Peer 1: 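Quick one: structure below, then a few questions.
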Amino acid sequence: MALRIPLIVLAAAVTTILLLPASCPAGTPASYPSCGKYWNRNTPVTTAQRRVNACIVKASRDGRRARAVAVLTTIEGDPIANYVFVRARRDVLVVVDATRDAFGVREWTRFHCKRLVLEGDYLGWGGCTELGTGKPSWLKPVKLTG
């Protein structure tokens, strides 16, 4: 006996699968294609760092999903990790880990931004609204050693 599924039931099932909540690991920004990561320790920007920055800015302009991590070092030598997730055109999530900044806020902060830009050789963002504090549960921090 052949199994017959009404078209409307099949369509509903496919729609449900396509609209899985963002809490699903495969649907989180952490699963977006990576532009790369780097740690700049107060040195001139390298060619590899320029490539990561150009990749994430282009993804933002194109409205294409992508992610990158830029770790910058404070004057005192403390690392601040910036996780950048392009979700769509004019829809960028920036998560800043300043928990190791001895002279800063020492917390995670999330921002919704409308644009990414290159300021000289450095990555910048604008049109941002703070979304709150705390690390998203789906975000796996980069290892900061050395």
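All values derive from a computational prediction rather than experimental measurement. Count residues from 1 along the sequence. Any value given below was found using the heavy atoms of this structure, including those in side chains, with hydrogens, waters and symmetry copies removed.
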Peer 1: Apart from V117 itself, what residues make up its hydrophobic cluster when side-chain heavy atoms of I, L, V, M, F, W and Y under 4.5 Å apart count as a link, directly or indirectly?
Peer 2: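 Under the 4.5 Å side-chain rule, V117 groups with nothing.
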Peer 1: So L123 and V57, do their side chains get closer than 4.5 Å, heavy atoms only?
Peer 2: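 The answer is yes, as the side chains (C-beta and beyond) meet within the 4.5 Å cut-off.
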Peer 1: So, do V95 and F85 sit near enough that their side-chain heavy atoms are less than 4.5 Å apart?
Peer 2: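 Counting from C-beta outward, V95 and F85 do come under 4.5 Å.
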Peer 1: Share the residues that join V45 in a hydrophobic cluster, the rule being Ile, Leu, Val, Met, Phe, Trp or Tyr side chains under 4.5 Å apart at the heavy-atom level.
Peer 2: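 Other cluster members: Y122.
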Peer 1: So which heavy atom on C35 is nearest to which on I56, and how close?
Peer 2: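 Scanning both residues completely, I find the closest heavy atoms to be SG-N, 3.5 Å.
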Peer 1: Between R89 (side chain only) and R61 (backbone N and O only), is there a donor and an acceptor less than 3.5 Å apart?
Peer 2: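 Judged by distance alone, yes, a pair lies under 3.5 Å.
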Peer 1: Determine whether V94 and R110 make a side-chain contact, defined as any pair of heavy atoms from C-beta on separated by less than 4.5 Å.
Peer 2: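 SC-SC contact between V94 and R110 ruled out.
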Peer 1: Do Y83 and D97 have side chains that approach each other closer than 4.5 Å (heavy atoms only, starting at C-beta)?
Peer 2: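 They are in contact (side-chain heavy atoms under 4.5 Å apart), so the answer is yes.
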Peer 1: Please check if V84 and F111 belong to a single hydrophobic cluster, counting links between Ile, Leu, Val, Met, Phe, Trp and Tyr side chain heavy atoms closer than 4.5 Å.
Peer 2: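 Yes; F111 is reachable from V84 via cluster members.
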Peer 1: How close do K135 and L139 get, counting heavy atoms only, and between which atoms?
Peer 2: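 Of all heavy-atom pairs spanning K135 and L139, the closest is NZ-O, 3.0 Å.
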Peer 1: Considering only heavy atoms from C-beta outward, does the side chain of P141 approach that of W108 to under 4.5 Å?
Peer 2: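 A side-chain contact under 4.5 Å exists here.
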Peer 1: Tell me whether D121 contacts the main-chain N or O of R50 through its side chain, where contact means a donor paired with an acceptor under 3.5 Å.
Peer 2: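 Flag not set: sc D121 to bb R50 has no pair under 3.5 Å.
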Peer 1: Give me the atom names and distance for the closest heavy-atom approach of G36 to V52.
Peer 2: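 Taking every non-hydrogen atom into account, O-CG1, 3.8 Å.
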Peer 1: Could you tell me which non-hydrogen atom of R87 sits nearest to which non-hydrogen atom of H112, and how far apart they are?
Peer 2: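 Answer, listing the atom of R87 first, then H112: NH2-CD2, 3.2 Å.
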Peer 1: Could you tell me the separation between the NZ atom of K37 and the CD atom of Q49, rounded to the nearest 0.5 Å?
Peer 2: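 Reported value, rounded in 0.5 Å steps: 13.5 Å.
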Peer 1: List, one per line, each side-chain donor-acceptor pair under 3.5 Å for residues 66-78, sequence neighbours excluded.
Peer 2:
residue: R67; atom: NE; partner: A30; partner atom: O; Å: 3.1
residue: R67; atom: NE; partner: Y32; partner atom: O; Å: 2.5
residue: T73; atom: OG1; partner: W39; partner atom: NE1; Å: 2.9
residue: T73; atom: OG1; partner: N40; partner atom: O; Å: 3.1
residue: T74; atom: OG1; partner: E76; partner atom: N; Å: 3.4
residue: T74; atom: OG1; partner: E76; partner atom: OE1; Å: 3.2
residue: T74; atom: OG1; partner: G77; partner atom: N; Å: 3.3
residue: T74; atom: OG1; partner: D78; partner atom: N; Å: 2.9
residue: T74; atom: OG1; partner: D78; partner atom: O; Å: 3.4
residue: D78; atom: OD2; partner: A102; partner atom: N; Å: 2.9

Peer 1: So do the side chains of W125 and V92 get within less than 4.5 Å of each other, counting heavy atoms only?
Peer 2: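 Not in contact.
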Peer 1: Before you tell me yes or no, could you show the steps for V86 and L116 under side chain to side chain contact (heavy atoms under 4.5 Å, CB included), namely the whole-Å CA-CA distance, both residues' side-chain angles and the distance that decides it to 0.1 Å?
Peer 2: CA-CA 9 Å; V86 175; L116 293 177; 3.9 Å; yes
Peer 1: Mark yes or no for whether R65, through its side chain, and P29, through its backbone, hold a donor-acceptor pair below 3.5 Å.
Peer 2: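 No.
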Peer 1: Just by distance, do the side chain of K58 and the backbone of D62 share a donor-acceptor pair under 3.5 Å?
Peer 2: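 A pair under 3.5 Å: no.
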Peer 1: Please determine whether the number of non-hydrogen atoms from other residues, nucleotides or ligands lying under 6.0 Å from atom CZ of R90 exceeds 12.
Peer 2: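 12 or below, so no.
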